[in-house]
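Written below as structure tokens is the structure these notes are about.
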There are 4 protein chains.
Amino acid sequence: MRQGEREDREQALIEAAVSVFRTQGYAGTSVRAITELAGCGTGTFYLYFPSKDDCFMAIIDRLYQRVVAQVATRRATAGTTPAKLWASIGAVLEVFSAEHALAHVVLVQGPGIGPSFRERLDRIRQTFSELIAEDLVESGLDPWVAACGARALLGALGEVLVWQVDADAPGGRLTRAGEEVRRRFFMGYGLPPVDDGREMMT
Amino acid sequence: MRQGEREDREQALIEAAVSVFRTQGYAGTSVRAITELAGCGTGTFYLYFPSKDDCFMAIIDRLYQRVVAQVATRRATAGTTPAKLWASIGAVLEVFSAEHALAHVVLVQGPGIGPSFRERLDRIRQTFSELIAEDLVESGLDPWVAACGARALLGALGEVLVWQVDADAPGGRLTRAGEEVRRRFFMGYGLPPVDDGREMMT
Amino acid sequence: MRQGEREDREQALIEAAVSVFRTQGYAGTSVRAITELAGCGTGTFYLYFPSKDDCFMAIIDRLYQRVVAQVATRRATAGTTPAKLWASIGAVLEVFSAEHALAHVVLVQGPGIGPSFRERLDRIRQTFSELIAEDLVESGLDPWVAACGARALLGALGEVLVWQVDADAPGGRLTRAGEEVRRRFFMGYGLPPVDDGREMMT
Amino acid sequence: MRQGEREDREQALIEAAVSVFRTQGYAGTSVRAITELAGCGTGTFYLYFPSKDDCFMAIIDRLYQRVVAQVATRRATAGTTPAKLWASIGAVLEVFSAEHALAHVVLVQGPGIGPSFRERLDRIRQTFSELIAEDLVESGLDPWVAACGARALLGALGEVLVWQVDADAPGGRLTRAGEEVRRRFFMGYGLPPVDDGREMMT
DNA sequence: GATGAATGAGCTTTCATTCAT
DNA sequence: GATGAATGAAAGCTCATTCAT
């Protein structure tokens with residue numbers, strides 16, 4: 001089997017998994033339901049993931065990797081600290097918008113599954129919120145206030161994403177809502193708004 | 001059996017349930033684990049809740065009722081619209097702080113369990129976010145911006161609560177973090193800060 | 001408590017038990033369902049019967065005792081052997097007709113519950129079928145043919161009773177059907193019909 | 001998996017089920033007990049039957065289908081109405097004799113399990129008793145007498161079968177007892193005996 | 001590599017029975 | 001005597017995972 005075939009099937013399985021997880025919840029999703037939707041046998045699932053848990057972990061990681069990559073890309077071309085912060089949030093919005101099904105499942109189901117998932121997600125959240133917090137501290141905020149703000153921002157962005165996805169809003173609407181949150185966040189912390197010429201919708 | 005005895009045991013079961021749900025997740029929690037922690041037989045559980053699902057629903061409802069009651073109380077003594085908004089958020093903080101274990105479980109596990117729970121939680125979130133949004137609209141904001149802000153606020157408050165509870169922060173710290181979010185929220189939306197003389201920690 | 005009160009309540013419990021057993025089956029009947037119908041607490045049930053099994057046994061025994069008593073009464077006034085046989089069957093019909101609910105439950109549910117019930121019922125059936133068989137032998141039939149006939153008669157009477165009760169037939173119809181079976185039975189075995197002046201319906 | 005393998009295992013499960021049902025009763029039989037006797041895991045049971053109830057229903061249906069088929073076969077070669085009646089009863093005897101374990105369980109346990117089983121069995125009984133009754137009416141009997149006789153015959157045959165099976169009588173003895181019932185039935189209703197040259201035992 | 005039949009641990013739930021009131 | 005809350009054994013059933021084909 002070509003490498004590509006393997007990736008295609010893994011992709012199909014992940015998409016099927018995301019689809020079922022989203023409507024049925026993690027516990028309500030059986031491996032059989034995933035494989036049936038993906039159009040393969042149950043045993044095949046285990047050629048791609050060591051367990052159901054690992055499949056969900058792979059979903060989390062996939063989203064995380066994309067966010068990390070996009071954030072790095074966007075920050076590289078930003079000059080000032082506020083611009084970096086602005087760009088980081090924008091990067092998250094871009095990925096969440098492009099992978100909204102993935103993001104929805106990770107944000108909604110992830111935290112509730114169990115301790116190991118909580119831990120993995122917390123590590124990710126921690127990574128990102130520390131990045132934000134550092135930018136805020138560099139912008140002159142008290143460290144505790146910064147940490148608090150970073151967390152609040154994460155929560156706000158996640159909630160707004162889920163809200164829009166649940167409402168079946170088109171990608172543009174989703175992004176615009178995220179951008180609105182970013183703008184208010186900057187205002188709330190007295191930071192200068194940034195014009196990066198990227199706003200997709202006006 | 002005295003009325004009080006029944007309530008005591010129901011309370012013990014809910015507390016045990018919250019404790020196990022929080023560490024093991026909803027699906028990872030067996031009824032037996034709850035009753036063992038509560039110190040009664042498995043069958044006893046079913047004298048108080050028709051099913052495991054209903055037990056979780058009872059947890060959700062209990063939190064919701066307290067929030068609704070507290071919000072009503074605090075709004076009653078507030079004058080201007082911004083003061084009502086300020087008071088509403090404060091009411092949520094008070095309840096979440098007092099019932100942080102309950103709130104943590106509802107916020108973290110609730111959304112992921114399954115469609116029926118999502119629905120119930122969404123109804124509650126909808127109720128509260130509409131209240132906030134109305135205050136924002138009355139304060140002169142565009143309806144869509146207001147709706148967006150209300151959702152963002154819910155997400156931010158929830159995330160900050162969970163963050164603090166996970167960090168085993170004392171109740172005072174938790175409240176202070178929430179108040180910080182409220183303050184930044186007001187600034188973000190250009191609303192005048194309110195001094196209600198209620199800040200518990202300084 | 002007067003003796004009569006105790007018997008009244010036992011009667012009420014048995015009637016309730018028969019009613020629920022009949023519609024729900026033995027296993028489908030909970031003690032609580034019986035006591036609710038009888039209008040007393042669950043614990044009270046155990047003041048009258050040592051167990052659910054024993055309650056059913058009591059129902060069986062009650063029917064059996066009435067049949068035995070009635071058969072003895074009717075046989076006492078019969079002269080010839082065929083007349084005794086005729087009278088015995090008539091006695092059964094009288095009791096089954098008067099206690100059709102009891103009989104229905106015993107005949108339909110009894111055999112399927114479990115080994116101990118089967119055994120008890122078999123003993124009863126054995127008792128009665130031997131009586132019939134002896135009459136047949138005395139009337140000149142081969143013992144094996146007689147045994148066979150006695151069993152067949154029991155089955156035929158039971159089936160006809162259940163059929164009529166299920167059809168909600170009035171008691172008279174039920175008796176007439178039984179008498180028809182008795183008449184054909186006598187013809188089948190070449191016995192002279194008996195006129196005991198007892199046919200209730202014509 | 002070959003088609004034959006699947007049928008073999010289903011057959012093994014049905015045989016195990018019949019064996020346990022017969023000794024323990026329906027409610028007293030656990031699925032685990034069946035699978036242990038059949039030599040497979042508990043989950044395997046549910047690959048063959050959707051539920052314990054459906055397994056019993058399958059047993060009922062299997063017996064019913066065989067009776068229907070055999071009756072049709074035997075009636076096809078019978079000339080006169082009495083001969084058809086004679087042949088129908090003979091067909092039932094043949095099947096009950098060949099499948100006496102199945103028949104025993106259906107006759108003894110079936111009626112007591114619950115309303116849905118009663119209903120299914122009644123439909124079957126109704127089917128067969130109407131067939132018999134029609135033959136009797138064609139032979140000149142009053143419809144009500146015929147219906148009564150058909151029911152009585154069913155009861156008599158069932159009782160005699162169960163009696164012989166409980167006594168561990170060999171198949172030949174069982175058949176002979178049934179034939180004796182048939183002969184007496186014909187005499188009881190004044191029908192001419194039929195010699196179909198099929199009597200297996202003399 | 002792909003399959004799906006087989007497995008059995010473990011779940012939620014019921015209910016006969018007990019016993020403190 | 002009467003009650004019904006409490007109990008826990010045991011049931012039916014599901015599903016992640018394995019492995020022979």
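Chain naming here is simple, since letters A, B, ... match the order of the sequence lines and numbering starts at 1 in each.
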Only one of E15(D), R22(D), R62(D) forms a side chain to side chain contact (heavy atoms under 4.5 Å, CB included) with L102(D), so which one is it?
R62(D)
So does Y48(A) get a side-chain nitrogen or oxygen closer than 4.0 Å to the phosphate oxygens (OP1/OP2) of dG1(E)?
no
Starting from the 5' end of DNA chain F, give me the residue, C40(C) or K52(D), whose nearest nucleotide shows up first.
C40(C)
Which base sits across from dC19(E) as a Watson-Crick or G-U pair, both distances under 3.5 Å?
dG4(F)
What does S30(C) touch in the nucleic acid at a heavy-atom separation under 4.0 angstrom: a base, only the sugar-phosphate, or nothing?
sugar-phosphate
Would you say T42(C) places a side-chain N or O within less than 4.0 Å of OP1 or OP2 belonging to dT3(F)?
no
Could you please name the partner base of dT14(F), counting Watson-Crick and G-U wobble pairs only when both distances are under 3.5 Å?
dA9(E)
Could you pull out the closest heavy-atom pair between A12(D) and A38(D), with the gap in Å?
O-CB, 4.1 Å
Distance alone, cut at 3.5 Å: any donor-acceptor contact between the side chains of Y26(C) and D53(C)?
yes
Heavy-atom donor-acceptor pair, R6(D) side-chain to dG4(E) base, under 3.5 Å
no
Would you say dT13(E) has OP1 or OP2 under 4.0 Å from some side-chain N or O of R32(B)?
no
May I ask you to evaluate whether T44(A) reaches the phosphate of dT3(E), defined as a side-chain N or O under 4.0 Å from OP1 or OP2?
yes
Taking the side chain of Y46(D) as its heavy atoms from C-beta onward, which of dT13(E), dC13(F), dA6(E) lies nearest to it?
dC13(F)
5'-most contact on DNA chain F (nearest-nucleotide basis), P50(D) vs F45(A), goes to P50(D)
At 4.0 Å (heavy atoms only), tell me whether T35(A) reaches a base, stays on the sugar-phosphate, or touches nothing.
nothing
